[in-house]
Student: 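Before we start, here is the structure in question, set down as structure tokens.
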2 protein chains.
Amino acid sequence: MDTADKINKYSQKIGYDIKVLGLAKTIDNDLAETDHCPGYGSAAKYIATSVLEAAKDAEIYQQNIITVIEVMGRNAGWLAAASALSKLSSKVGADLIYLPERIFCIDNFLKDVQKIYDKKGKVIVVVSEGIKDANGKYISELYSNTHKDVFGHSQLGGVGSVLGELIREKIEKRVKVIEFGILQRCAMHFASKTDIEESVIAGTTAVKCAIEGHSGYMVGFDRNYDEYGTYHCSTKLIPLSSAANAEKIFPAEWINEAGNNVTQEAINYIKPLIVGEVPIKTDCGLPVYAELKKYFIAKKL
Amino acid sequence: MDTADKINKYSQKIGYDIKVLGLAKTIDNDLAETDHCPGYGSAAKYIATSVLEAAKDAEIYQQNIITVIEVMGRNAGWLAAASALSKLSSKVGADLIYLPERIFCIDNFLKDVQKIYDKKGKVIVVVSEGIKDANGKYISELYSNTHKDVFGHSQLGGVGSVLGELIREKIEKRVKVIEFGILQRCAMHFASKTDIEESVIAGTTAVKCAIEGHSGYMVGFDRNYDEYGTYHCSTKLIPLSSAANAEKIFPAEWINEAGNNVTQEAINYIKPLIVGEVPIKTDCGLPVYAELKKYFIAKKL
């Protein structure tokens with residue numbers, strides 16, 4: 001959005017007639033001024049489903065086991081929070097959820113895990129890659145090296161392994177660590193129908209607005225509930241300058257007091273975004289996804 | 001199958017009238033005497049799909065990137081081999097595939113990766129967790145510690161990270177490591193219809209055979225092709241003693257000469273097993289899976 005804003009301002013300055021409209025696409029759901037972002041609903045659905053499946057997997061064994069699942073999210077816990085939905089359709093799912101918006105305390109964490117372990121023998125822990133201790137130090141950095149991506153952001157990862165090792169030492173040797181990695185942003189085979197439909201509306205709105213002569217806006221979403229409590233989504237135009245570089249973190253009041261789960265309000269917010277499945281075209285049993293034609297790439301269109 | 005065989009023999013010895021039928025269920029596809037195993041087709045479909053999606057993810061970036069994907073398979077490469085199918089519906093997919101049936105040479109591996117990297121800038125590597133060097137030492141053990149599971153098997157994992165680090169040092173800093181972990185055995189949301197249907201047939205056959213008085217057999221599969229080349233699957237009874245403790249590894253002749261991919265014969269073998277999708281029941285956008293009723297668990301039935 002910052003780049004789009006700069007292009008828009010520069011085009012206006014030099015009198016170049018181009019219309020710049022931004023789309024709030026990010027699975028991180030951390031853009032300001034919009035209720036939610038295209039992409040988030042599908043990633044949330046994949047995460048909640050995979051956490052549910054991992055919990056089912058643990059359930060069938062007699063032995064105790066602790067599963068630690070690491071989810072994307074450098075500064076915002078929206079993706080990790082989505083794992084709370086795993087319990088909507090099942091008795092098993094995420095037992096403990098830790099977001100980067102709350103200071104992570106290893107002692108409290110081990111107490112939380114021990115408590116559920118003593119009760120059930122099986123624990124499903126979901127953790128954002130970006131959780132930090134009271135000194136602002138990434139938990140993943142306490143034990144491992146980090147790489148930087150092209151923007152100079154620390155490339156996180158490994159916090160699941162770090163916590164898994166801690167649990168192995170202190171509580172239970174049988175630990176599984178799962179890192180969803182890029183699968184959570186590219187697993188189109190189980191996308192949310194709501195998300196796909198809203199994404200198409202956002203894109204269509206941007207094109208229509210450009211044709212009508214608007215420029216310098218991001219297409220955002222508003223959320224409404226009708227008299228029956230049914231969720232509806234509408235679009236709105238937000239000045240790019242308001243959306244650029246502002247980060248919408250997960251609301252503090254949607255994290256429970258103990259800092260190890262999210263509240264019902266958070267579940268209510270995410271729930272409508274993951275509804276519905278999209279029939280995908282397959283060939284030989286494999287999804288067929290759109291490919292940019294060589295023609296367009298060659299012409300750099 | 002070994003346990004089923006023992007129960008059968010002991011029951012006969014003490015004159016206890018119980019019928020013991022085995023089902024060849026394992027995603028590893030490594031049971032002897034059967035063409036393939038229930039579960040394998042769905043895991044193969046998930047792996048091929050996720051490798052395809054990871055390859056699509058890498059494709060959209062301008063920067064070069066090398067993706068290393070670690071797949072289950074201690075001694076048998078059936079699961080890693082399934083990643084070859086990623087290219088059936090797409091131009092991108094697994095470029096290099098390493099199975100435990102072939103000795104893994106780090107120098108050759110780096111040369112393989114470098115060659116594709118020089119040509120395309122992007123490389124998708126798929127590797128079985130159980131690959132070993134010429135001394136029979138697990139590649140994952142060369143750099144990391146291993147844990148043992150309840151059967152005393154080494155709990156592998158980490159070979160993806162080991163190879164990722166090597167690539168970072170020698171070829172390209174931008175490396176993504178993905179470990180599918182238990183997701184490849186529990187991601188029921190994208191199961192193979194063929195696999196599900198065949199599993200039901202196997203189970204039904206076992207019950208029918210027990211009612212007819214058979215005991216001490218595993219229900220296995222035979223594969224046939226009709227005059228149009230269409231795949232058909234039929235069941236057969238295999239003495240438990242033949243199936244027990246025999247491991248069916250991936251055929252040496254289905255690995256290419258360079259040892260870095262599988263042949264067309266391998267693809268032809270796996271291809272029919274992943275065909276078709278199963279509509280799943282959902283609630284709030286999440287899969288609803290069968291749960292054993294408390295009643296049955298309490299009565300230990």
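Order of the sequence lines fixes the chain letters, A, B, ..., with proteins taken first and strands second; residue numbering starts at 1 for each chain.
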Student: Might you confirm whether atom NZ of A:K170 has over 12 heavy atoms from other residues, nucleotides or ligands at distances under 6.0 Å?
Tutor: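 Atom NZ in A:K170 is not crowded, with 12 or fewer foreign heavy atoms closer than 6.0 Å.
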Student: So what's closer than 4.5 Å to chain A heavy atoms on B:L88: side chain, backbone, both or neither?
Tutor: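 Contact with chain A: backbone and side chain both.
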Student: Over all heavy atoms of both residues, which pair between A:I274 and B:C284 is shortest? Give the atoms and the distance, please.
Tutor: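 Nearest heavy atoms, A:I274 then B:C284: CD1-O, 3.4 Å.
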Student: So which part of A:L183 gets closer than 4.5 Å to some heavy atom of chain B, the side chain, the backbone, both or neither?
Tutor: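 Interface part for A:L183: side chain.
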Student: Can you say whether B:T282 sits under 4.5 Å from chain A via the side chain, the backbone, both, or neither, judging by heavy atoms?
Tutor: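 For B:T282, the contact with chain A is made by the side chain alone.
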Student: For B:A44, which atoms come within 4.5 Å of any heavy atom of chain A: side chain, backbone, both, or neither?
Tutor: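 Neither part; nothing is under 4.5 Å.
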Student: Would you say B:K56 and A:C186 make side-chain contact, with heavy atoms under 4.5 Å?
Tutor: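 Of all side-chain heavy-atom pairs linking A:C186 with B:K56, none is under 4.5 Å.
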Student: With chain B, which of A:E59, A:R185, A:K271 has the greatest number of heavy-atom pairs at distances under 4.5 Å?
Tutor: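 Of the options given, most contacts go to A:R185.
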Student: For chain A, find which of B:I178, B:V275, B:D57 contributes the most heavy-atom pairs closer than 4.5 angstrom.
Tutor: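 That would be B:D57.
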Student: Any sub-3.5 Å donor-acceptor pair from B:E53's side-chain atoms to A:M188's backbone N or O?
Tutor: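 Side chain of B:E53 to backbone of A:M188: a pair is present.
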Student: Using non-hydrogen atoms only, which part of A:A55 is less than 4.5 Å away from chain B: side chain, backbone, both, or neither?
Tutor: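 Contact with chain B: none, neither part.
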Student: Which bit of B:L85 comes within less than 4.5 Å of chain A, counting heavy atoms only: side chain, backbone, both or neither?
Tutor: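 Both backbone and side chain.
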Student: Where do A:L286 and B:K45 come nearest, in terms of heavy atoms and distance?
Tutor: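 Result for this residue pair: CD2-O, 4.4 Å.
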Student: Most heavy-atom pairs under 4.5 angstrom with chain A, which of B:A48, B:G181, B:A187, B:S161?
Tutor: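 That would be B:A187.
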Student: If you take all heavy atoms of A:S89 and B:V288, which pair is closest and at what distance?
Tutor: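 Shortest heavy-atom contact: CB-CG2, 4.2 Å.
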Student: What is the minimum heavy-atom distance between A:P287 and B:L52, and which atoms define it?
Tutor: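 Residues A:P287 and B:L52, closest heavy atoms: O-CD2, 3.5 Å.
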Student: Determine the interplanar angle of the B:F190 and A:H189 rings, folded into 0 to 90°, and report it as parallel if under 30°, tilted if 30 to 60°, perpendicular if over 60°.
Tutor: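 Tilted.
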Student: Is it true that atom CD of B:Q62 has more than 12 heavy atoms of other residues, nucleotides or ligands lying nearer than 6.0 Å?
Tutor: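 Atom CD in B:Q62 is not packed in, count stays at 12 or less.
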